[in-house]
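Heads up, the thing below is written out as structure tokens.
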Amino acid sequence: MPRALIIGAGVAGPITAMFLLRAGWDVEVFEADATPDAFAGLFLNVATNGLSVLDQLGLKERLLTDGHRASSMVMRSGSGRELGRVPNGPAGDPARGSVIVRRAWLHEVIRDAALAAGVPIVQGARLVSIDETSDRVRATFADGRTAEGDVLIGADGIRSFTRSWIDPGAPAPRYSGLVGTGGFARVPGLEPTPDTQYMVFGARSFFGYLVRTDGTAYWFANLTSPEPARGSLRGIRSSDWLARLRDLHSDDPAPVPGILAATDGDVGGYPIYELSGVQRWSRGRVVAIGDAVHAMSPSAGQGASLALEDAITVAKCLRDLPTPEAAFAEYQRLRQPRAAAVAKYARAIDARKRVTKSRFGIAMRDRMMPLFLKKAANDTRNDWLYNAEIPWDRSLVRR
Ligand SMILES: Cc1cc2nc3c(=O)[nH]c(=O)nc-3n(C[C@H](O)[C@H](O)[C@H](O)COP(=O)(O)OP(=O)(O)OC[C@H]3O[C@@H](n4cnc5c(N)ncnc54)[C@H](O)[C@@H]3O)c2cc1C
């Protein structure tokens with residue numbers, strides 16, 4: 001039975017493992033963090049295309065039990081005016097809209113399913129070295145442990161060790177110009193926003209929120225900022241973040257100041273990076289997937305969903321093609337153009353989020369956006385983002 005070493009138990013790693021198990025592979029997942037997911041604090045969008053991958057493993061319904069369906073996004077100006085409504089899923093098909101979930105919940109659903117399927121997940125195993133021979137690959141971990149397999153799949157995120165091993169000259173992540181932050185709040189009297197997430201072009205920072213039926217508001221803010229020194233944001237206390245955010249958003253329309261006033265849990269900040277232009281996704285028996293080869297800002301709400309698409313695709317390629325080299329070449333051929341197109345889309349959204357101080361710029365945006373977005377609710381031009389079906393049961397090889 002062929003054996004895959006999978007590095008990283010974030011989104012893509014355990015999903016790849018589950019598909020490979022179905023294909024008759026032996027798998028083992030190695031995760032650097034000693035305990036499951038230290039960075040589970042916030043929430044994220046799982047888009048229609050990502051849900052379709054989870055559905056094929058029978059995980060979608062469980063995920064939806066604690067999700068906020070948001071099939072559209074409403075854009076508002078800093079004065080509170082509605083600028084337009086855009087689909088967050090295939091246009092005119094709200095039942096297939098994307099869903100917003102706490103990151104901790106997404107990880108729990110994936111991890112529980114992987115363990116239940118019999119995928120071993122080794123925590124506290126940080127990959128530090130890869131050695132390849134003509135028919136095996138060996139991984140060495142920081143504590144000296146080693147493991148051997150037929151292939152190694154690096155689902156080790158934006159700071160991927162695997163990517164650098166495949167190509168020491170691979171591009172490094174680039175700062176997007178935005179710092180992300182966010183949290184949760186209970187605001188008395190705040191109406192739920194079923195099916196919808198709101199985005200506000202605040203005067204000094206971009207703000208997004210939704211309100212679940214139980215009255216909990218999920219919110220995030222994107223601050224336009226020079227690149228912070230590595231690790232420097234970690235030392236900032238929640239109370240300091242909140243004080244800064246309350247000030248930045250004090251002139252913004254309701255319910256933005258109210259949500260920030262009512263937030264009392266942990267609030268942290270993280271610089272948003274993207275990674276594009278990685279040319280080599282594999283070398284011999286080693287391949288990288290997900291954020292390790294194409295990380296994009298959260299603006300498009302697609303990073304996790306593309307990682308899920310990569311996971312099913314790489315597993316299909318290993319199932320259907322005769323050698324790891326052939327499988328990995330086909331995987332990159334299938335995935336690279338789509339990842340590049342989605343990343344381009346995410347960058348275009350980031351550009352709109354960066355705060356302009358020019359009054360003229362703000363006036364133009366508030367005037368032009370409603371015209372652009374007038375028919376956006378039924379505009380199918382972005383459906384390509386969501387309608388990527390990757391059926392597990394369809395072979396890549398014509399019989
Ligand atoms: C705050 C935030 C908000 C986001 N919002 C969205 C959103 O709304 N929608 C969306 O689709 N995407 C969003 N994203 C992006 C999304 O989280 C990623 O695209 C997705 O998690 C990528 O999955 P992955 O499996 O490739 O990597 P990850 O989920 O990052 O998993 C990588 C794993 O590898 C482990 N690892 C790293 N190095 C090693 C090593 N050397 N050895 C062993 N293990 C290692 C890490 O600990 C981690 O568990 C957001 C990201 C952030 C940071």
Side-chain angles (χ1 to χ4, degrees), residues 5-17 28-51 53 68 70 73 88 98-104 106-107 110-111 121-130 139-143 145 147 152-165 173 176 178-183 197 208 210 218 220-222 233 268-275 288-311 314 339 342-343 346 349 385-386:
L5 311 177
I6 298 172
I7 310 301
V11 174
I15 295 292
T16 309
E28 193 162 11
V29 176
F30 299 89
E31 165 57 46
D33 287 343
T35 50
D37 193 22
F39 181 56
L42 277 174
F43 54 92
L44 81 178
N45 188 64
V46 183
T48 310
N49 42 311
L51 289 172
V53 177
H68 179 90
M73 288 181 289
N88 184 26
S98 306
V99 67
I100 291 165
V101 296
R102 288 177 299 110
R103 180 186 288 268
L106 174 65
H107 283 200
I110 291 176
R111 193 185 148 78
I121 302 181
V122 184
Q123 300 286 156
R126 175 172 294 280
L127 178 74
V128 291
S129 160
I130 300 174
T140 304
F141 299 94
D143 60 4
R145 257 181 294 187
L152 183 146
I153 301 172
D156 47 353
I158 189 163
R159 304 275 166 200
S160 169
F161 175 87
T162 314
R163 175 181 70 242
S164 312
W165 184 87
S176 68
L178 295 168
V179 165
T181 177
Q197 182 172 27
L210 60 89
Y218 291 15
F220 71 86
N222 290 152
L233 300 184
Y270 52 92
I272 297 175
Y273 286 89
E274 59 151 35
L275 174 77
I289 66 173
D291 272 15
V293 278
H294 52 65
M296 54 203 70
S297 97
S299 294
Q302 281 285 349
S305 297
L306 285 193
L308 291 166
E309 289 184 14
D310 281 3
V314 80
V342 180
I349 303 178
L385 281 168
Y386 307 105

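For ligands, and for the atoms within them, numbers begin at 1 and follow the listed sequence. Nothing here was measured: the structure is a model prediction, and the numbers come from that model.
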The atoms of ligand 1 lying under 4.0 Å from a heavy atom of Ala12, numbered in the order shown, are 25 (O)
Ligand 1 atoms nearer than 4.0 angstrom to some heavy atom of Gly290 are 26 (O)
Discussion item. Side chains of Thr162 and Asp156: any donor to acceptor distance under 3.5 Å?
Written reply: yes
Note: Ile7, heavy atoms under 4.0 Å from ligand 1, region reported as side chain
Counting from 1 in the order shown, the ligand 1 atoms closer than 4.0 Å to a non-hydrogen atom of Ala32 are 39 (C), 42 (N), 43 (C), 44 (N), 45 (C)
Atoms of ligand 1 under 4.0 Å from any heavy atom of Ser305, numbered from 1 in the order shown, are 11 (O)
Judged by heavy atoms only, the candidate from His294, Gln302, Glu31, Arg126 nearest atom 35 (C) of ligand 1 is Glu31
message = Within 45 degrees of the ring normal and closer than 6.0 Å to the centroid, is that where the cationic atom of Arg159 sits relative to Tyr273?
response = yes
Using modelled atom types only, decide if a donor and an acceptor are shared between the side chain of Arg163 and the backbone of Ile158 within a distance under 3.5 Å. yes
So for Arg103 against ligand 1, with non-hydrogen atoms under 4.0 Å, the contacting part is side chain
Note: Ala125, heavy atoms under 4.0 Å from ligand 1, region reported as backbone
Logged contact type for Ala155 with ligand 1, heavy-atom cut-off 4.0 Å, is backbone
Within the 4.0 Å heavy-atom cut-off, what Phe30 brings close to ligand 1 is backbone
